[in-house]
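Have a look at the structure below, then the notes.
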Amino acid sequence: QVQLVESGGGLVQAGGSLRLSCAASGRTFSSYAMGWFRRAPGKEREFVAAINWSGASTLYFDSVKGRFTISRDNAKNTVLLQMNSLKPEDTAVYYCAADAGVGGSTWSTYDYWGRGTQVTVSS
């Protein structure tokens, strides 16, 4: 069992930066692939970024490539999402998720979810 708690969301102007953090409980954190997803008002849940168990492999949604960076620290049971050059269309609730398998961009493969943190980007 893995429990996930996101933090770091907030209100920022367009062009600004935020760093989201996901703290995970459990001694087996390093065996999980991790992902970030988001849901904007009135829209479907959307993949943002994923990272494999070791951190050696990452995957990004096209619209965030070059602006967002996912990383993990297995010693601290933490996954980070550094978000730069934020745009109003990045406004959403951001969720951290853990997958006992290989992870990836499909939300239904993930086994555990946090409650989310709100990110609002003003124009």
Side-chain angles (χ1 to χ4, degrees):
Q1 186 101 14
V2 177
Q3 293 184 328
L4 305 171
V5 179
E6 303 95 336
S7 62
L11 174 64
V12 64
Q13 288 187 332
S17 297
L18 282 174
R19 188 175 75 167
L20 303 185
S21 180
C22 175
S25 66
R27 294 178 295 174
T28 59
F29 170 76
S30 60
S31 66
Y32 286 85
M34 300 297 296
W36 285 96
F37 292 78
R38 65 188 181 188
R39 176 174 283 168
K43 294 189 177 181
E44 297 290 320
R45 182 169 13 193
E46 179 178 77
F47 169 71
V48 177
I51 190 167
N52 76 330
W53 67 273
S54 69
S57 179
T58 58
L59 181 67
Y60 295 94
F61 186 47
D62 283 349
S63 71
V64 308
K65 282 181 181 177
R67 300 189 297 123
F68 291 11
T69 303
I70 188 171
S71 61
R72 68 187 297 161
D73 185 339
N74 287 342
K76 296 182 178 179
N77 282 15
T78 301
V79 176
L80 301 176
L81 184 68
Q82 178 67 44
M83 306 187 296
N84 299 328
S85 302
L86 282 161
K87 304 176 181 179
E89 50 264 43
D90 294 318
T91 295
V93 178
Y94 283 71
Y95 299 91
C96 173
D99 179 16
V102 298
S105 61
T106 304
W107 68 266
S108 59
T109 67
Y110 285 78
D111 304 293
Y112 302 102
W113 292 81
R115 293 189 174 184
T117 185
Q118 176 71 47
V119 171
T120 303
V121 184
S122 63
S123 57

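Along the sequence shown, residues are numbered consecutively beginning with 1. Side-chain atoms are counted along with the backbone in the values below, which use heavy atoms only and exclude waters and symmetry mates.
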Inset, instruction - Specify the closest pair of heavy atoms between Ala14 and Ser123, including all atoms of both residues, with the distance to one decimal. - result: CB-CA, 4.4 Å
Inset, instruction - May I ask you to test the Asp99-Met34 pair for a side-chain heavy-atom distance under 4.5 Å? - result: no
Legend entry - Atom pair CD (Glu44) and CZ (Arg38), whose distance is rounded to the nearest 0.5 Å: 14.0 Å
Legend entry - Between OG on residue Ser21 and CD on residue Gln82, distance to nearest 0.5 Å: 11.5 Å
Legend entry - Flag side-chain contact, heavy atom, 4.5 Å: Phe61 against Ser105: no
Legend entry - Min side-chain heavy-atom separation Val102-Asn52 under 4.5 Å: no
Inset, instruction - Please answer: with hydrophobic residues joined when any side-chain heavy atoms are less than 4.5 Å apart, are Ile51 and Trp53 in the same cluster? - result: no
Inset, instruction - Taking the side chain as every heavy atom from C-beta outward, state whether Trp36 and Cys22 have any pair of such atoms under 4.5 Å apart. - result: yes
Inset, instruction - Check the side chains of Ser17 and Asn84 for a donor-acceptor pair under 3.5 angstrom, ignoring hydrogens and angles. - result: yes
Inset, instruction - Check Tyr110 against Ala97 and note the closest heavy-atom contact, atom names and distance. - result: CD2-CB, 3.5 Å
Legend entry - Donor-acceptor contact below 3.5 Å, side chain Ser30 vs main chain Thr28: no
Legend entry - Student check: side-chain heavy atoms of Thr69 and Tyr60 closer than 4.5 Å: yes
Legend entry - Asp62 bridged to Lys65 by N-O distance under 4.0 Å: yes
Legend entry - Centroid separation Phe37 to Phe47 less than 6.0 Å: yes
Legend entry - Joint hydrophobic cluster, Tyr112 plus Val48, side-chain heavy atoms closer than 4.5 Å: yes
Legend entry - Sequence neighbours excluded - disulfide (SG to SG under 2.5 Å) pairs with any residue from residues 28-71: none
Legend entry - Other residues, nucleotides, ligands: >12 heavy atoms within 6.0 Å of Gln3 CD: no
Legend entry - Side-chain heavy-atom pair Arg39, Tyr94 within 4.5 angstrom cut-off: no
Inset, instruction - Return the set of residues passing side-chain hydrogen bond (donor to acceptor under 3.5 Å, both in side chains) with Thr120 (not counting sequence neighbours), or none when no residue passes. - result: Gln118
Legend entry - Leu81 and Met83, any side-chain heavy atoms less than 4.5 Å apart: yes
Inset, instruction - With rounding to the nearest 0.5 Å, note down the distance linking CG in Leu18 to CZ in Phe68. - result: 9.0 Å
Legend entry - Backbone N/O of Ala100 and side chain of Asp111: donor-acceptor pair under 3.5 Å: yes
Inset, instruction - For residues Gly101 and Ala33, report the shortest heavy-atom separation together with the two atoms involved. - result: O-CB, 3.9 Å
Inset, instruction - Taking all heavy atoms of Ala92 and all of Ala40, pick out the closest pair and write down the distance. - result: CB-N, 3.8 Å
Legend entry - Within-4.5 Å side-chain heavy-atom neighbours: Thr117 and Val93: no
Inset, instruction - Give the C-alpha distance, both sets of side-chain angles, the deciding distance and a yes or no for side chain to side chain contact (heavy atoms under 4.5 Å, CB included) between Ile70 and Val79. - result: CA-CA 7 Å; Ile70 188 171; Val79 176; 4.0 Å; yes
Legend entry - Atom pair CG/OG of Asn74 and Ser54 - distance to nearest 0.5 Å: 8.0 Å
Inset, instruction - Calculate, to the nearest 0.5 Å, the distance between atoms CG and OG belonging to Leu4 and Ser25 respectively. - result: 7.0 Å
Inset, instruction - Find out if a path of hydrophobic residues (ILVMFWY) with successive side-chain heavy-atom gaps under 4.5 Å connects Leu80 to Val64. - result: no
Legend entry - Geometric cation-pi criterion, Arg45 with Trp113: 6.0 Å, 45°: yes
